[in-house]
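Below, each value reflects all heavy atoms present in this structure, side chains not excepted, and no hydrogens, waters or symmetry copies. Bear in mind the structure is a predicted one, so any value in this text is a computation, not a measurement. Numbered from 1 within each chain, the chains take letters A, B, ... in sequence-line order.
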Number of protein chains: 2
Amino acid sequence: MFTLSEENYLKTIYHLELETNKGISTNAIAEKLATKASSVTDMIKKLSEKEVVIYKKYKGVKLTDLGKKSAANIVRKHRLWEVFLVEKLDFSWDEVHEVAEQLEHIKSSKLIDQLDGFLNFPTHDPHGDPIPDRDGNLKTIEKSLLSTLTKNESGICVGVDDSSSEFLQFLDKKGITLGKKITILDKEDFDDSLSILIEDKKLSISNKIANNLYMKKS
Amino acid sequence: MFTLSEENYLKTIYHLELETNKGISTNAIAEKLATKASSVTDMIKKLSEKEVVIYKKYKGVKLTDLGKKSAANIVRKHRLWEVFLVEKLDFSWDEVHEVAEQLEHIKSSKLIDQLDGFLNFPTHDPHGDPIPDRDGNLKTIEKSLLSTLTKNESGICVGVDDSSSEFLQFLDKKGITLGKKITILDKEDFDDSLSILIEDKKLSISNKIANNLYMKKS
DNA sequence: ATATATTTTTAGGCAAGTCTAAAAATAATA
DNA sequence: TATTATTTTTAGACTTGCCTAAAAATATAT
Ligand SMILES: [Mn+2]
Ligand SMILES: [Mn+2]
Ligand SMILES: [Mn+2]
Ligand SMILES: [Mn+2]
């Protein structure tokens, strides 16, 4: 169906579309894929031929329904494999992305259906990101950045925005993992840093951190 | 390290070398890979550059130690994934090969080590083929073709020579699976067909079948 | 040993995916 | 609005892996 390269472009456009509803620019794609704008233009033409994107010169691209479904399926595979690696093979959440980038391209619908069942139909990956269902639909849960909580509010940590391994390792070091309860003890006005209670430990975290942690208010 | 294509060539040469100890001919490789001799010559030069094969024009190729180790590692991955698919994801033994052909190219030593442990360090794949260890060594067990057993001899079915899905499905239909005890009741001289006892069922099988089943004598 | 057949290599070409440099279109600014 | 800056596209080239057709080497048969 799609080449490895085509799949990577599809996925990138899919992720970019979740952030805006405008057309996705050539440059935006090039940057995410660490490639050149001219290469992107070439590939966009191919994707347009295959009817997974709508392309008008100089106007950027948009995924068609087929394109969205195809991209969601790749994301589904990526996230299911991440769950597998963490749950079954004892990978930590900062190690899975690279391998999942490879595994997401394996072509076998039976494989992914069986894997889904083997993992007990997980709804979220190790970083708190939702796993699309077979039709490409994903149910978004109510979540807010930790930085938007006010003093004395509390919630459960349900996801990360930045899932770079540096950030994830930093969180591990601080004892911040998904599922933990966090309460805002205090907010510093001059640098927006937070004093929080996590489980029963007091911790001080910067605004940058708070901007990358998703909470489910409770 | 190696491209997908290079890995497939390495694996093919590796398998061919297990059958003979002469140099592997260009044509033999071409046939196994369903490609053209000229393409093989091209690739052989690249592999030779990378020092995984010794190549002398018109004389065929031989794997170097590095080449053997690299190839064995791909075979190791292939067979471990086949075990995973059968043991954990309920694939049948005739469905796994195609998917394993893809999975064997995933690059992550942690992945394969953990998978090995997760599967309890299996020594053989679902077709009875040995799984190379991390250093590329494989211990061959004592096994004989069913067709070489004599009347009243018996053994355990431990492997198949042909693992095409047609053959495997045929075996399923006849109730012949690995681990079952088989006794030779009679041999027909004129067509070399066999009358066998499998578990407690009598069965008549052709010489062609008997030539594709490996037994451990008991 | 010579002629014929087969195998292997070389030569040249093609598609995918990438790149650089230059041209064209669009956006931003004075 | 005219000019400058940025973005995007085109043109041409490169690498990988494959192909066909022809040449060269090796093997087989008379
Ligand atoms: Mn990921
Ligand atoms: Mn993830
Ligand atoms: Mn196989
Ligand atoms: Mn096998």
Side-chain angles (χ1 to χ4, degrees), chain A residues 1-14 16-17 19-63 67 70-71 74 101-102 104-105 107, chain B residues 1-14 16-17 19-63 67 70-71 74 101-102 104-105 107:
Chain A
M1 198 70 188
F2 300 107
T3 67
L4 189 141
S5 203
E6 286 168 346
E7 290 193 343
N8 284 331
Y9 275 89
L10 275 176
K11 202 180 40 152
T12 299
I13 298 168
Y14 178 83
L16 287 168
E17 277 195 357
E19 289 165 18
T20 88
N21 38 14
K22 278 176 271 185
I24 305 304
S25 77
T26 303
N27 262 1
I29 299 169
E31 195 187 357
K32 280 256 184 185
L33 282 171
T35 183
K36 300 294 149 127
S38 55
S39 307
V40 174
T41 303
D42 283 349
M43 181 57 86
I44 277 174
K45 288 175 182 166
K46 288 172 205 160
L47 293 177
S48 175
E49 275 298 309
K50 291 200 174 184
E51 308 201 312
V52 285
V53 299
I54 301 293
Y55 170 53
K56 273 188 290 212
K57 272 192 192 175
Y58 297 101
K59 298 297 175 190
V61 288
K62 276 196 171 179
L63 290 174
S70 308
I74 302 163
E101 283 291 308
Q102 299 178 61
E104 72 190 3
H105 301 291
K107 281 158 185 72
Chain B
M1 197 69 187
F2 299 106
T3 67
L4 188 142
S5 203
E6 286 168 346
E7 289 193 344
N8 283 331
Y9 275 88
L10 275 176
K11 201 180 42 153
T12 299
I13 299 168
Y14 178 83
L16 288 168
E17 277 195 357
E19 290 165 19
T20 88
N21 39 15
K22 279 175 271 185
I24 305 304
S25 77
T26 303
N27 263 0
I29 299 169
E31 196 186 358
K32 281 255 185 189
L33 282 171
T35 184
K36 300 294 150 128
S38 54
S39 307
V40 174
T41 304
D42 283 349
M43 181 57 86
I44 277 173
K45 287 175 183 167
K46 288 172 205 159
L47 293 176
S48 174
E49 274 299 308
K50 291 199 173 185
E51 308 201 311
V52 284
V53 299
I54 300 294
Y55 170 53
K56 272 188 289 208
K57 271 192 193 177
Y58 297 99
K59 298 296 175 190
V61 288
K62 276 197 170 179
L63 290 173
S70 308
I74 302 164
E101 284 291 308
Q102 299 178 61
E104 72 190 4
H105 301 290
K107 283 160 184 70

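With hydrogens and angles disregarded, a donor-acceptor distance shorter than 3.5 Å links the side chain of B:Lys50 to the backbone of B:Met1. Side-chain N or O atoms of A:Glu7 include none that pairs as donor or acceptor with a backbone N or O of A:Ile74 at under 3.5 Å. A:Thr12 places a side-chain N or O within donor-acceptor distance of the main-chain N or O of A:Asn8, the cut-off being under 3.5 Å.
Contact detail for B:Tyr55 and B:Lys45: the closest heavy-atom pair is CE2-CG, 4.2 Å. For the pair A:Val52 and A:Ser70, the tightest heavy-atom approach, listed with the atom from each and the gap, is CG1-OG, 4.5 Å. Residue B:Ala37 comes nearest to B:Thr26 through the heavy atom pair O-CG2, 3.5 Å, listed as atom of the first residue, atom of the second, then distance.
Distance check: A:Ile13 CD1 to A:Lys32 NZ gives 12.0 Å after rounding to the nearest 0.5 Å. Atom CZ in B:Phe2 sits 7.5 Å away from atom CG in B:Leu47 (nearest 0.5 Å).
Proximity of residues 42-52 of chain A to DNA chain C (heavy atom under 4.0 angstrom from any strand atom) is restricted to A:Asp42, A:Met43, A:Lys46.
Distances shown here put a side-chain N or O of B:Thr35 below 4.0 Å from the OP1 or OP2 atom of D:dC19.
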Indicate for each nucleotide in nucleotides 2-8 of chain D, in 5' to 3' sequence, whether protein heavy atoms under 4.0 Å reach the base (B), only the sugar-phosphate (S), or nothing (-).
-----SB
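Listed candidates were D:dC18, C:dA11, C:dA21. Nearest to the side chain of A:Ser38 is C:dA21. Here the side chain of B:Lys36 is nearest to one of C:dG17, D:dG17, D:dC19, namely D:dC19.
The distance between atom NZ of A:Lys56 and atom P of C:dA24, rounded to the nearest whole Å, is 23 Å.
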